[in-house]
Structures are given as structure tokens and as C-alpha cells.
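Before any comments, here is the structure.
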2 protein chains.
Amino acid sequence: MVVDDEPSIRDLLSASLRFSGFEVLTAADGYEAVEVAERTNPDLVVLDVMLPDLDGFEVARRIGVPVLFLTARDNTEDKIVGLGVGDDYVTKPFSLEEVQARIRAVLRRTRGENTPASRLRVADLELDEEAREVWRNGRQVRLSPTEYKLLHYFMSNAGRVLSKAQILDHVWNYDFGGDAGVVESYVSYLRRKVDDVEPRLIHTLRSVGYVLREPPAG
Amino acid sequence: MVVDDEPSIRDLLSASLRFSGFEVLTAADGYEAVEVAERTNPDLVVLDVMLPDLDGFEVARRIGVPVLFLTARDNTEDKIVGLGVGDDYVTKPFSLEEVQARIRAVLRRTRGENTPASRLRVADLELDEEAREVWRNGRQVRLSPTEYKLLHYFMSNAGRVLSKAQILDHVWNYDFGGDAGVVESYVSYLRRKVDDVEPRLIHTLRSVGYVLREPPAG
DNA sequence: GTGAGCGTTCAGCTATTCCTCAGCCTCCTG
DNA sequence: CAGGAGGCTGAGGAATAGCTGAACGCTCAC
């Protein structure tokens, strides 16, 4: 369930989550959130701390399911203490990759240990979501947060062609004002760090985008 | 079994204990506690001294299973010590690490000596829960209470990435109002005391958190 | 009362990271 | 083959997260 009073945020999140295969309900304020949660018992609630009526914490306390808080990065950032066990928070403005990663982490934590180890693999490139580690050709690679998010996006969409605009929308914060040049920079960083051996996995499709995939045998 | 009339405390404790693998029942007042305890015969009861109906001492007397008392840091604390009731106690506000440590200690004591010596180990870093002793590289290290709790939390979650918020929620009291800077300070203390030799075990994941683990061979 | 140990805050410093930009390269087209 | 659009990447400046020494109270034991 997604709870935010700003429709743009609500739509952004629910569309992105639905696309990733989640079933999503939404609520625009605290009372509606409590009501819907009690009726449907969602697995997880993405919850803005700042709601017009009830405080986000109050909502969380009342509905008693795992929560991922959304909070502004201003003065109150550090006030997010007293999270329930397994809960987490993300600061606005966020990136969709960030939110989805946190959601999966919370679900993994609260659903118990039966969740399979989350490990993405394409050829000899491996990414461990839990440990946040990346390996290429048996060698561990150190990535900065943005590099990691970008590679994660590539790997969870391996074989799919991604335009720079798509990449920007998922990996960068939703308020990012710059142009797509930054994507080129980070693709360049990634190539140097994880794609400097054969077979090359990150391919440029001129004036279309990029794709990460194992080249065909031929 | 967790007995407290405040829902937030009840939820905090039961979620945390469930996550650690305990089976948890809850009760909100004294009569319910006695009733549930008689029916289910729990291994241990975490019991608030101050209940709306029955006195916590009275509940403990009636149900006759090992008890960990929760109490305010006031004269009832002295009462517990004076009466010699209960098997141990923790003062509110507590930290989850504290409560879990006490629970395990009580269970170890009341279940007899068959419990294996609880000793955590990561590389040449060792922690003896019973003796509350820490060794690195064959050398014993003296830690303050908070340093010990933090290291214990790290070691029981070795290999798992922990955010500062998570650390704050487990190691610090639930009413702690400060910001996450204090975690950085304590990580710094720990590094100086137990992580000043190779291989380094406490690793910073910038803008994500920390992880304690043996660095991979690669 | 006094001193030691402890918890917490804070500020200066360092290292990392992010982003922009400009120049060069590559590919495509005519 | 010339030109241009699109792409690549090194350099650099600004912002940020994290580290740590120092200071300040608080508690507790003596």
C-alpha cells in the first residue's frame, strides 16, 4: 500500500511498483490508510511521514504492518528513530531503484529467513543484493552508490533495452534536473569497473539506449 | 510471552523477538497473562511490573515460570531487588539488545547447563556472551557497556549490512532522541579497540550503513 | 566531595562521490 | 570522404558522508 497526499508521488510509486509485479493499493491521508489497511491487511505500507491529518508514525502504530517511511531530507531527517523492527525509511526526493531496494529488504526481513538469497547474475558478472557486493570474473569490484544502483537496474532488466530517459527515471532522484549526459558518465564508470574483460556485457544502441546482456555465441 | 499494557512496547518486543526466532504470545493485562500462561506454559515471560489490573509480582507468583521484569527506573526497581522475585529485570526505557541478552541469560540459567557456551566468532575476533569478554587476535579487549552492545549486535549480524537507523533501534534505548552521529562515534571507538589489526572487519558502506565481515579473498 | 568512566554532542578535517563540461571519437549518411 | 549527430571519458569543482579529537555533563564508587 502506498500512502502519500501528493498525487504525483502516489502515482509515480504505484505505477512503478505495479510494473514490477506488486499489487498496489493507495491512500491519500492517515485515516484512509488505517481504514484500507485494516480491511486488506497489506504486506507492507510505503508511508509518507508528513500527512495532512494523522502523523505517519501514528498511522504506523495503528496498522501494525511493516512500514517503509518516506521523509523529507530537511531538518527532520534524523528524527526517524524508533522505527519498528524491520521497518526502514527513504528520504525524498528518492529514486525508484532506492525505494524498490528498500521494499524488498523490508519484506525479506519481516517475512523471515525463507527468502532465497537474492543474487543477480549475467555471465560472470554477479551482484549480491544483501551484501551489496559485485563480482566480475571472480574478482570483487567496489562501486559507489550510484554506480551500484545503475548496475542493479541494468541487471534486473538484463536483455531489455533501456533508454537514457528510462534510466534517469529509475536510478536518479525524481527531482533530478540535469540532462542524460550523466548517464553516459556512469555507464563509462561501470564499463571501466565491471566490463573491462570479455565478454562485454554493456552494449550501446546508438540513439536508442543501452542493454546489458551476454553477446550471442556467434 | 510478552506482557505489557502499552501496545507500542508489546509490538516492539514481540516483533523483535519473532525476528530472532522466538515464538511469541502477548497479553495486555494481568488476568490475560495468567490465563494465557496457564494454557500455553511459555518458557519465559517478559512482564511489565506496572499493569492496570494485577500487580506484576502477583502475576509472576501465579504463573510460576521464569520471568524477566520490565520496570521504570524508580523505586519499583529496588523492590525487585529487595524481594528477590523474578529471574532478572530490565529498566525502561530499554534497548532491544539489552532485553534479548537478558532473555537468553535467563533461559540459559533456567534451562540448565545443557546450553552450549555462547561464543560468537568472526575471524580472530571473539565474544563470549557469558563472560562478557571480547578477544581480538588473542588479546583481551575491555569495552564499555555500549561498545559491547554494539559489537554484539554487529557480531550476531555478521555479514549483514546494517543501517545506522537499524543500529540505533537495536542498540540504543527506544526513547533515544539524538541523531545517528553517535553511532559513528561508537563505531570509531570499536575500530580503535577491536579493529586496529588486519584483517579489518568493520566496513563502512557509504550512505548505506556498516557491515562486520571477514573480507573476501578476492 | 571528588575523580574516573561513560555517553553524547559538536566541529574541523578528510575522503569520496556527484555532476558538468569540453574535447575527442565513432558511426552514419549523403 | 566530409560533416554532423551521438557517444565516450578525463578533469575539476562542489557537495556530502564519515571520522575523530575534544568538551561537557552525568552517574557512580570511594
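At a cut-off of 3.5 Å, with distance as the only test, no side-chain donor of Thr110(A) or Arg18(B) sits close to an acceptor on the other residue. For the residue pair Ser163(B)/Arg102(A), the side-chain donor-acceptor check at 3.5 Å is not satisfied.
Using a cutoff of 4.0 Å between basic side-chain nitrogens and carboxylate oxygens, Lys92(A) and Glu6(A) are scored as salt-bridged. Remark: Arg119(B) does not engage Glu129(B) in a salt bridge, criterion side-chain N to carboxylate O under 4.0 Å.
Remark: Ser188(A) is in phosphate contact with dT9(D), judged by side-chain N or O atoms under 4.0 Å from OP1 or OP2. Under 4.0 angstrom from either OP1 or OP2 of dG7(C) there lies no side-chain N or O belonging to Trp172(B). Between Arg142(A) and the phosphate of dT16(C), there is no side-chain N or O to OP1/OP2 separation shorter than 4.0 Å. For Lys164(B), no side-chain nitrogen or oxygen approaches OP1 or OP2 of dA17(D) to under 4.0 Å.
Here dT20(C) is the nucleotide among dG7(D), dC6(C), dT20(C) with the atom lying nearest to any side-chain atom of Val182(A). Listed nucleotides: dC8(D), dT17(C), dG7(C). Nearest to the side chain of Pro145(A): dT17(C). Nearest to the side-chain atoms of Ser144(A) among the listed nucleotides dC18(C), dC10(C), dT9(D) stands dC18(C). Taking only side-chain atoms of Glu184(B), from C-beta outward, the nucleotide of dG10(D), dG7(D), dG18(D) with the closest atom is dG18(D). The side chain of Ser185(A) has dC21(C) as its nearest neighbour among dC10(C), dC21(C), dG7(D).
The six-membered or imidazole ring of Trp172(B) lies near that of Tyr186(B), with a centre-to-centre distance under 6.0 Å.
Side-chain to base pairing of Tyr186(A) with dC8(D): no donor and acceptor N or O lie closer than 3.5 Å to each other.
The distance between atom OH of Tyr189(B) and atom P of dT20(D), rounded to the nearest whole Å, is 11 Å. Atom P of nucleotide dT17(C) and atom CG of Leu151(A) are separated by 15 Å, given to the nearest angstrom. Atom NE2 in His203(A) sits roughly 19 Å away from atom P in dT26(C) (whole-Å rounding). Rounded to an integer number of Å, the gap from Leu190(A) CG to dG7(D) P is 17 Å. A straight line from CZ of Arg206(B) to P of dT16(D) spans 11 Å, rounded to a whole angstrom. When the P atom of dG10(D) is taken as reference, atom NZ of Lys193(A) falls 13 Å away, rounded to whole Å. Asp175(B) has its CG atom 14 Å from the C1' atom of dG7(C), to the nearest Å. Protein atom CD of Glu147(A) is 7 Å distant from nucleotide atom P of dC18(C), rounded to whole Å.
With hydrogens and angles ignored, the 3.5 Å screen pairs no side-chain donor or acceptor of Arg121(A) with any backbone N or O of Glu126(A).
When heavy atoms are screened at a 4.0 angstrom cut-off, Gly178(A) is found touching the sugar-phosphate backbone but no base atom. Using a 4.0 Å heavy-atom cutoff across all strands shown, Phe176(A) reaches sugar-phosphate atoms only and no base atom.
Sequence order on DNA chain D of the closest nucleotides to Arg192(A) and Arg192(B) puts Arg192(A) first from the 5' end.
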